[in-house]
Number of protein chains: 2
Amino acid sequence: MEQMSRNLAFQLKKIRQQRSVSLDDVAKATGVSKAQLAQIEKGEANPTVSTIWKIAAGLRISFSSLLQPPIAHFMKFSSKNAPHVDEDEGRYRVYSIIPYDPERGWEFYKVEMEPGARSRSEAHTEGVEETVTVIHGQAVISAGVMHETITEGETLVFSGHQAHEYQNISEELTVLHVILQYK
Amino acid sequence: MEQMSRNLAFQLKKIRQQRSVSLDDVAKATGVSKAQLAQIEKGEANPTVSTIWKIAAGLRISFSSLLQPPIAHFMKFSSKNAPHVDEDEGRYRVYSIIPYDPERGWEFYKVEMEPGARSRSEAHTEGVEETVTVIHGQAVISAGVMHETITEGETLVFSGHQAHEYQNISEELTVLHVILQYK
DNA sequence: CACACATGTTTATTAAAGTATACATATGTC
DNA sequence: GACATATGTATACTTTAATAAACATGTGTG
């Protein structure tokens, strides 16, 4: 969310430094006030599309070059403290490790299923691909008339555009990693 | 500028209709108020990046899919009434036919040069490519130590990253079409 | 027909984006 | 050293993006 502002801040400052021009120069070229440009470069602004448009047009650059994240950077996530949703009376738990980001295009979950736990998902939008890897235990994935049992170390890829179900048929806690790829 | 808003309006409405969901549904999925979404769909809004981010994230789509222009559309430009800049005491006139647009990446000029008129351009930023076509008359293009004469029907392509000069060496009005491609 | 519910529009209010101006700090230049 | 110019920062103000709630308009359903 304010990841956006950071990217913008970084890219704008980078371009301005590469061309070695001042905030006044950019303000004159784009029609955006110097104060606002300073705020943007500090990542303390939440500009409107028209402001971004003016910056991109005035600097003769594309949107993507303004919104792109810096090439090299670390982002650390943890399953501890990750927001989670419970289903099947708390016996099926979904932890959102990497939430969806428009720049990335996919999201990443960790799923814990108590013995016998199950969860049913409605059909996602067209073009969604689901990748499930079993970390521990055993799971049955059902989608339409298809059924598949996967165990520790195995990965199943399937199209999520129809209703599907996860089920733990083993006697132990089953742990999964799930990647949801959109579009 | 409000081209942006139109694209956004079109794409958001299209996606919402494809999925056949209501404004309330989208509001709930994205955290953006229904009223604001309605404004955006009508092209009467100028949303902030965080709002666009929320929409893209909530709908699990990319930025580009939100900002892309509708596939088929007409845009008509005219050299009449086009904003123009004069140089060399009005004997060198530049008409901006298609102004730069961040989605397009290039801009289009028409240039009129009285006999003997000349214009010098400083070096553009790295990676700019200039394409000049003579509509009528004759012109000399100089860039660094290079010189080239082009006449009616001829086109010259050169890198604009160094200072360069246009000159009309003929006895008649010379008309050029110039494409400036950035990055 | 009356009622409930869903969907988009309008309105009033709040929060914040954007501008213009003044301020502080450097960096030469005579 | 004093002055002029350039550059980024802070402040006061205006405009408007964004929200929430009320409103209008369908669309079935018993």
Side-chain angles (χ1 to χ4, degrees), chain A residues 1-61 63 66-67 70 100 102 122-123 125, chain B residues 1-59 61 63 66-67 70 100-102 122-123 125:
Chain A
M1 182 136 37
E2 84 287 339
Q3 175 67 29
M4 260 344 298
S5 303
R6 269 207 296 280
N7 294 352
L8 235 173
F10 180 89
Q11 296 297 347
L12 177 54
K13 193 161 205 168
K14 179 182 155 200
I15 290 167
R16 191 168 70 84
Q17 284 174 167
Q18 277 178 349
R19 302 187 182 178
S20 56
V21 289
S22 69
L23 286 175
D24 274 304
D25 294 333
V26 176
K28 192 152 52 67
T30 62
V32 176
S33 73
K34 175 165 70 158
Q36 184 64 3
L37 290 171
Q39 291 284 313
I40 292 172
E41 283 197 357
K42 284 192 247 172
E44 296 169 356
N46 178 22
T48 61
V49 293
S50 83
T51 297
I52 295 178
W53 195 94
K54 285 195 241 174
I55 294 174
L59 261 35
R60 304 287 127 110
I61 54 180
F63 289 110
L66 264 184
L67 301 178
Y100 180 82
E122 292 311 304
T125 61
Chain B
M1 180 134 41
E2 83 285 341
Q3 175 67 30
M4 266 335 303
S5 303
R6 270 206 295 280
N7 295 352
L8 237 173
F10 180 88
Q11 296 297 347
L12 177 54
K13 193 161 207 168
K14 179 182 154 200
I15 290 167
R16 192 169 69 85
Q17 285 174 167
Q18 278 180 350
R19 301 188 182 178
S20 56
V21 288
S22 69
L23 286 175
D24 274 301
D25 294 333
V26 176
K28 193 153 53 66
T30 62
V32 175
S33 73
K34 174 165 71 159
Q36 182 65 2
L37 291 170
Q39 291 284 313
I40 292 172
E41 283 197 357
K42 284 193 249 173
E44 296 169 355
N46 179 21
T48 62
V49 293
S50 83
T51 297
I52 295 178
W53 195 95
K54 284 195 242 175
I55 294 174
L59 262 34
I61 54 179
F63 288 110
L66 264 184
L67 301 177
Y100 180 83
D101 183 297
E122 291 313 305
T125 59

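Chain letters run A, B, ... following the sequence lines, proteins first and then strands; every chain starts at 1. What's counted below: heavy atoms across the whole structure, side chains too, no hydrogens, waters or symmetry copies.
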For B:Y100, all residues meeting ring-ring contact (aromatic ring centres under 6.0 Å, His included), sequence neighbours excluded: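 Scan of B:Y100 (ring-ring contact (aromatic ring centres under 6.0 Å, His included), adjacent residues dropped) gives B:Y182.
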Any residue meeting side chain to side chain donor-acceptor pair (under 3.5 Å) with [X], in chain and number order, not counting sequence neighbours:
X     : value
A:S22 : A:D25
A:E41 : A:R16
B:T30 : none

Phosphate OP1/OP2 of C:dG8 contacted by B:R16 side-chain N/O (<4.0 Å):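 Yes, such a contact exists.
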Using 0.5 Å steps for rounding, measure from the [atom1] atom of [X] to the [atom2] atom of [Y].
X     : Y     : atom1 : atom2 : result
B:Q39 : B:T51 : CD    : OG1   : 12.5 Å
B:Q11 : B:F63 : CD    : CZ    : 14.5 Å
B:S20 : B:I15 : OG    : CD1   : 13.5 Å

Name of the residue among B:L59, B:N7, B:I40, B:I52 meeting side chain to side chain contact (heavy atoms under 4.5 Å, CB included) with B:L66: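 With B:L66 as partner, B:L59, B:N7, B:I40, B:I52 yield a single side chain to side chain contact (heavy atoms under 4.5 Å, CB included), made by B:I52.
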Shoot me the first and last contacting nucleotide of DNA chain D against chain B, ordered 5' to 3', at under 4.0 angstrom to non-hydrogen atoms.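 Taking any atom under 4.0 Å from a heavy atom of chain B, the span is D:dA17 to D:dA20.
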For nucleotides 15-22 of chain C, give me one character per nucleotide, 5' to 3': B if any protein heavy atom sits under 4.0 Å from the base, S if the only such contacts are to the sugar-phosphate, - if neither. --SBBB--
Tell me, please, which residues at least two apart from A:A27 pass side chain to side chain contact (heavy atoms under 4.5 Å, CB included).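 Expected list: A:K34, A:L37.
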Contacting residues from residues 19-27 of chain A, given that a heavy atom lies under 4.0 angstrom of DNA chain D: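 Close to the strand are A:S22, A:L23.
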Would you confirm whether B:S5, through its side chain, and B:G43, through its main-chain N or O, come within 3.5 Å as a donor-acceptor pair?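 Side chain of B:S5 to backbone of B:G43: no pair is present.
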